[in-house]
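Whatever order the structure lists them in is the order used to number ligands and atoms, beginning at 1.
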Amino acid sequence: MKIVIAASEAVPFAKTGGLADVCGALPLALEKQGQEVIIVMPGYKAAHNLKQPAVKRLKEGISISRIGKNISVYFIDNDEYFTRDGLYGEKNGDYKDNLDRFSYFCRKTLELLKELGFEADIIHCHDWQSALIPIYLKTLYAEDDFYKDTKTLFTIHNIGYQGLFPKQEFPKLGLSWNVFNMEMLEYFDKINILKGGIVFSDLINTVSETYSKEIQTRQFGFGMEGVLNKRSDYVFGIINGLDYSIWDPLTDKKIFQTYSFKNPEDKYANKEQLQRVSKLPVKKTVPLLGIVSRLAEQKGFDIVADGIDEICKLDLQLVILGTGDLKYHKILEQMVKKYPKVISLNLKFDDTLAHRIYAGSDIFLMPSKYEPCGLGQMISFKYGTAPLVFKTGGLADTVNDKNGFVFDKYSKDELIKAIKKAIKAYKDRVQWKELVLKGMKLNFSWAESAKKYIELYERAKGK
Ligand code: ADP
């Protein structure tokens, strides 16, 4: 099949979150399985500054690079729109012209495919930034012969971000006002691009089975539950893979000592070093809890903040790495002052420290309120660190009582109960080893997820 991945970010060219990991790794796995793939993304400053792989000018407005064996990555260039420090915004918030920027990206992507003569079977779009592609295909390009056999799959990575814009901006899209109605692009008198993507794509998926069901409910749908319910036969869930060339304690150069499930005892050297660099007492028997996360309510920091004082009184140590809401920064900073021998706080983005926390912790705390897929729990499994999670989305699909700790009522009390249970389990060395080994042997490879995507592409083609 000929497949286009159209996305607003992809590793190694530009990244703000998990979306970039998916859009960088999935094409490689698809290529290994014999598919012909290209990527199209905006030509941000970050991409043009990259040395390896280099990005070269192909022609006016288009640059090119290559990943994998033979995957062309095309960049839609526009100095005014994309030569900026951020992808979607900077300190003061989102860029005001995001609708101009990403509608431009979508229009130019469709023009580029025609120029290249790339007759795609599937254009795989991701999140609202590329959702105008299926919308344009079924409207502006509806009569275009070149696209008559092209189908679209729309992947929702996080339904909390929908691309909402004032109605006054609608003329910028070049679409007829006929599509500005409650069944299509309108949402409470605003333009909702994600909603349009849901309506106009041939198939839709999210990044885990459970999340694909959750977003069809009021609790998790962020207002999109109605439109998704109407298309529920077209909504699927495929869990993301994990890139084991980066996340494997046997080959990881960033951690203090490498190890595998064959010698999980070597993991202890990492714990000891982590305690040292974190300025915590070096103690083998005290369970060390790790957090690597955006400090946001979505990630469970409302209940963590509520319970942190109580948590710090338990027999444990806590190493936190993350940035985010200033209110959580402040609460945690106060706790460090109060419990300096219990908490180590690192308010920054630090990839090396993240690796060291996954390797050195006994328990990984990830009590997300909602979690489309989640990478942290998958990484923890591989590093022999038992995840402790709230039962939601991708966390519910990957963590259970046999390989970690799960609580199913979202509250501070239930979180603390689960932590106490984990501390108790940690003291039973034989059982703990068994639990940890179960996680270490799990395999969330991209090869498996790519197979499922190919099945979805085939299904879309059959539509
Ligand atoms: P999301 O994409 O919603 O933030 P995921 O769990 O899917 O959450 O992925 C987050 C990724 O970012 C993980 O690989 C995690 O280790 C990493 N990460 C998050 N915060 C930091 C940080 N402060 N420093 C280093 N890595 C981080």
**Message:** For a quick test of reading the model, state the closest non-hydrogen atom pair linking Lys271 to Lys283 and the distance between them.
**Reply:** CE-O, 3.6 Å

**Asked** Would a 4.0 Å cut-off, counted as strictly less than, catch a protein heavy atom around atom 12 (O) of ligand 1?
**Response** no

**Request:** Please work out which of the three classes, parallel, tilted or perpendicular, describes the rings of Tyr457 and Tyr453, given edges at 30° and 60°.
**Result:** tilted

**Prompt:** Heavy atoms only: which of Asp21, Leu353, Ile357, Val292 is nearest to atom 19 (C) of ligand 1?
**Reply:** Val292

**Asked** Between Phe407 and Lys417, is there a cation-pi geometry (under 6.0 Å to ring centre, at most 45° from the normal)?
**Response** no

**Asked** Under 4.0 Å from any heavy atom of Lys348, which atoms of ligand 1 are there?
**Response** 22 (C), 23 (N)

**Message:** Contact between ligand 1 and Met366 is defined here as a heavy atom of the residue under 4.0 Å from a ligand atom; is it met?
**Reply:** yes

**Request:** Can you sort out which atoms of ligand 1 are near Gly322, meaning under 4.0 Å from one of its heavy atoms?
**Result:** 23 (N)

**Prompt:** Any protein heavy atom under 4.0 Å from atom 15 (C) of ligand 1?
**Reply:** yes

**Message:** So, regarding Tyr358 and ligand 1 (criterion: nitrogen or oxygen to nitrogen or oxygen, under 3.5 Å), is there a contact or not?
**Reply:** yes

**Message:** So does Glu225 get a backbone contact from the side chain of Asn229, meaning a donor-acceptor N/O pair under 3.5 Å?
**Reply:** yes

**Message:** As an exercise, identify every atom of ligand 1 less than 4.0 angstrom from a heavy atom of Ile379.
**Reply:** 14 (O)

**Prompt:** Can you name the closest pair of heavy atoms from Phe105 and Ala7 and give their distance?
**Reply:** CZ-O, 3.6 Å

**Fill in**
The answer for which part of Leu375 has a heavy atom under 4.0 Å from ligand 1 is both

**Prompt:** Which atoms of ligand 1 are found less than 4.0 Å from any heavy atom of Ala354?
**Reply:** 25 (C), 26 (N)

**Request:** Give the intermediate values and the outcome of ring pair (Phe, Tyr, Trp, His ring centres under 6.0 Å) for residues Phe165 and Trp128.
**Result:** CA-CA 12 Å; Phe165 298 94; Trp128 78 261; 5.4 Å; yes

**Message:** Once you measure the plane-to-plane angle for Tyr44 and Phe82, does it fall in the parallel (<30°), tilted (30-60°) or perpendicular (>60°) bin?
**Reply:** perpendicular

**Fill in**
In ligand 1, the atoms that come under 4.0 Å of a heavy atom of Gly376 are 6 (O)

**Request:** Quick one: look at Ser293 and ligand 1, take heavy-atom pairs under 4.0 Å, and tell me if it's side chain, backbone, both or neither.
**Result:** backbone

**Message:** Regarding ligand 1, does Glu371 bring an N or O atom to under 3.5 Å of one of the ligand's N or O atoms?
**Reply:** no

**Asked** Regarding Arg218 and the six-membered ring of Phe222, is the cationic atom NZ or CZ under 6.0 Å from the ring centre and inside 45° of its axis?
**Response** no

**Prompt:** Looking at Tyr95, is Arg101 sitting on its ring face, NZ or CZ under 6.0 Å from the six-membered ring centre and within 45 degrees of the normal?
**Reply:** no

**Asked** Does Lys299 reach ligand 1 with a nitrogen or oxygen that is under 3.5 Å from one of the ligand's nitrogen or oxygen atoms?
**Response** yes

**Message:** Please report whether ligand 1 has a polar contact with Arg294, defined as an N or O pair separated by less than 3.5 Å (distance criterion only).
**Reply:** yes

